[in-house]
Protein chains: 2
Amino acid sequence: MSELPADVALMWRLRDPGRRGPKPSLTVEDITRAAIEIADAEDLAAVSMARVAERLGNSTMALYRHVKSKDELLVLMSDAALERPSPLPDDVDWRTGLTLWAEGVLVAIRKHRWYSKLPISGPPAGPNNLAWFDSALGALEDTGLPEEAKVGVVMGLMTYVHGEIRLSLDLAAGFADNPNAFSRYGAVLSRVVDPRQLPALARVLDAGVFESVGNFEAESGEDFDFGLQLYLDGVAGFIDRVCQAG
Amino acid sequence: MSELPADVALMWRLRDPGRRGPKPSLTVEDITRAAIEIADAEDLAAVSMARVAERLGNSTMALYRHVKSKDELLVLMSDAALERPSPLPDDVDWRTGLTLWAEGVLVAIRKHRWYSKLPISGPPAGPNNLAWFDSALGALEDTGLPEEAKVGVVMGLMTYVHGEIRLSLDLAAGFADNPNAFSRYGAVLSRVVDPRQLPALARVLDAGVFESVGNFEAESGEDFDFGLQLYLDGVAGFIDRVCQAG
DNA sequence: TCCTTACTGCGTATTCGCTACGCTAAATAG
DNA sequence: CTATTTAGCGTAGCGAATACGCAGTAAGGA
């Protein structure tokens, strides 16, 4: 029985209950929760070991008895911040299932706007992340795809969904700083784009695409769904192809 | 004539050539180039103002005459690190064009493995980023899509491509640290996944999907192309639908 | 020519972050 | 009761970003 990586063991709460020594007054979960609360209230950049310890009424160095480094804490946060997915209804087709799934991810991450600023440490390994992974795979159960293809489809979907969320949250942050940033973007580009050198972009600007002010939240939701449905269209074609061949 | 944002002005080299005072011994391009060289050779984390200044034979604080903050420097790096796209051949259809485009982005970013660790500061605004944007829009020129739809398609594509690159570069980094990390991943999961709670994932593990060791580079390239083609399948359907309706 | 003025380079110092190290005290095993 | 393990934490080292102000330099104007 080889050792599991330390962060995985922590996320799954697999620790031989240490016998000797004083009772811990802190748990890893406390630390993770406190860090998440700070990030929620302020920013990921506001999460320092000192701030977390202060919020728990402990000294900075006490945290290092429970967490090897700040990076490890970030890994723990990346699993703990996601709540479990609610189970998909049994009677929906794969496409509805994956759409619901994607919207669920969106809802879950929107509660923690710092989430997509976390560094990627590796493939999903914590209980919550794996539960989401499982949920998406489950939606493909009746498609008849081979397991490896399911993994490919779900990986691509995760990439798209996380990328889109990252982008829209970051743009939303810039938007909050400066409410007319979006229409201003069109103005800046038209000052700088030379139609000789960037003709296609110039046509887009002429068409006024970046001038609509509108409701930013709503528009970014539309973009999210638009790209998602394109990807799912592709998946549908892929499933047809595989199943006719099989 | 309203002011452009400072970073945009710097990226486009729009600065009234200062008249009085000593000749600058540094330029913004020097600074940006030095920072990129450090990041290439070591890591994005190795880029500190002190290191950049040292490499240029200047003092740390001298940099601040040319760059407002380190964040601004990162923005400059994010444009300067991308070389211009080579023009797409004139006679290819949109799909071939976008595939070439995506591969070009992949090649360009692979030269700077720190690229996807940069924080997103906003929509593309520098000359190189906009050239890539223009290039992708140009590939859709003959499709008859309205300009706004082209933008949506390209935005989704950028999201997917950048997300996939980010993921694959980060996994590759973990892989370099520990060459059997991938097969180890399967072992870790099977230790931790309960088939009762995560049945779909357990089936994937049983099928041995995470046990192939193989050539990691090649496999990640396949995944990249697989997801890309799924997305482009979706775009093809979208174009058909729009053009039939129009 | 000489002064004014704007601008560059840079030394100093502050503030903040992560974390190695080692001490003290607590709790348990034998 | 003693030895051992472990928790909390104070101190200190190191490195990073950057505010501030001084000194020297080159152009414009008299």
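Chain letters run A, B, ... following the sequence lines, proteins first, then strands; residues in each count from 1. Computed from a prediction, not measured in an experiment: that's the story for all the values here. The figures that follow rest on heavy atoms only: side chains count, while hydrogens, waters and symmetry mates do not.
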Heavy atoms, side chains only, cut-off 4.5 Å: are [X] and [Y] in contact?
{"X": "A:Arg33", "Y": "A:Ile36", "result": "no"}
{"X": "A:Pro127", "Y": "A:Arg13", "result": "no"}
{"X": "A:Leu74", "Y": "A:Leu44", "result": "yes"}
{"X": "A:Leu4", "Y": "A:Trp12", "result": "no"}

Scan residues 32-48 of chain A against DNA chain D and write down, sorted by residue number, each residue with any heavy atom closer than 4.0 Å; if none is found, say none. none
Can you sort out which residues in residues 56-80 of chain A have a heavy atom within less than 4.0 Å of DNA chain D? Ascending by number, please. A:Asn58, A:Ser59, A:Met61, A:Ala62, A:Arg65, A:His66
Grab the CD-P distance between B:Glu54 and D:dG15 for me, whole Å please. 12 Å
From CZ of A:Arg20 over to C1' of C:dA25, roughly how many Å is that when rounded to an integer? 16 Å
In chain order, what residues pass the side chain to side chain contact (heavy atoms under 4.5 Å, CB included) check against [X], with sequence neighbours excluded?
{"X": "B:Asp170", "answer": "A:Ile120, B:Lys117, B:Arg166"}
{"X": "B:Ser69", "answer": "B:Asp71, B:Glu72"}
{"X": "A:Ser168", "answer": "A:Ser220"}
{"X": "A:Leu82", "answer": "A:Ala108, A:Ile109, A:Tyr115, A:Asn128, A:Asn129, A:Trp132"}

Which side-chain hydrogen bond (donor to acceptor under 3.5 Å, both in side chains) pairs, counting each pair once, include a residue from residues 43-54 of chain A, with sequence neighbours left out? A:Glu42-A:Arg51
Is the ring pair B:Phe133/A:Phe210 parallel, tilted or perpendicular, if the boundaries are 30 and 60 degrees? tilted
Please list residues of residues 22-31 of chain B whose heavy atoms come under 4.0 Å from any atom in DNA chain C, ordered by number; otherwise none. B:Pro22, B:Pro24, B:Ser25, B:Leu26
Using heavy atoms and a sub-4.0 Å distance, could you list which residues of residues 113-121 of chain A are near DNA chain C? By number, please. none
For B:Glu222, check salt bridge (charged side-chain N to carboxylate O under 4.0 Å, His left out) against everything at least two apart and list the hits. none
Partners of B:Phe224 by ring-ring contact (aromatic ring centres under 6.0 Å, His included), sequence neighbours excluded? none
Contacts of B:His112 that satisfy ring-ring contact (aromatic ring centres under 6.0 Å, His included) - sequence neighbours left out: B:Trp114
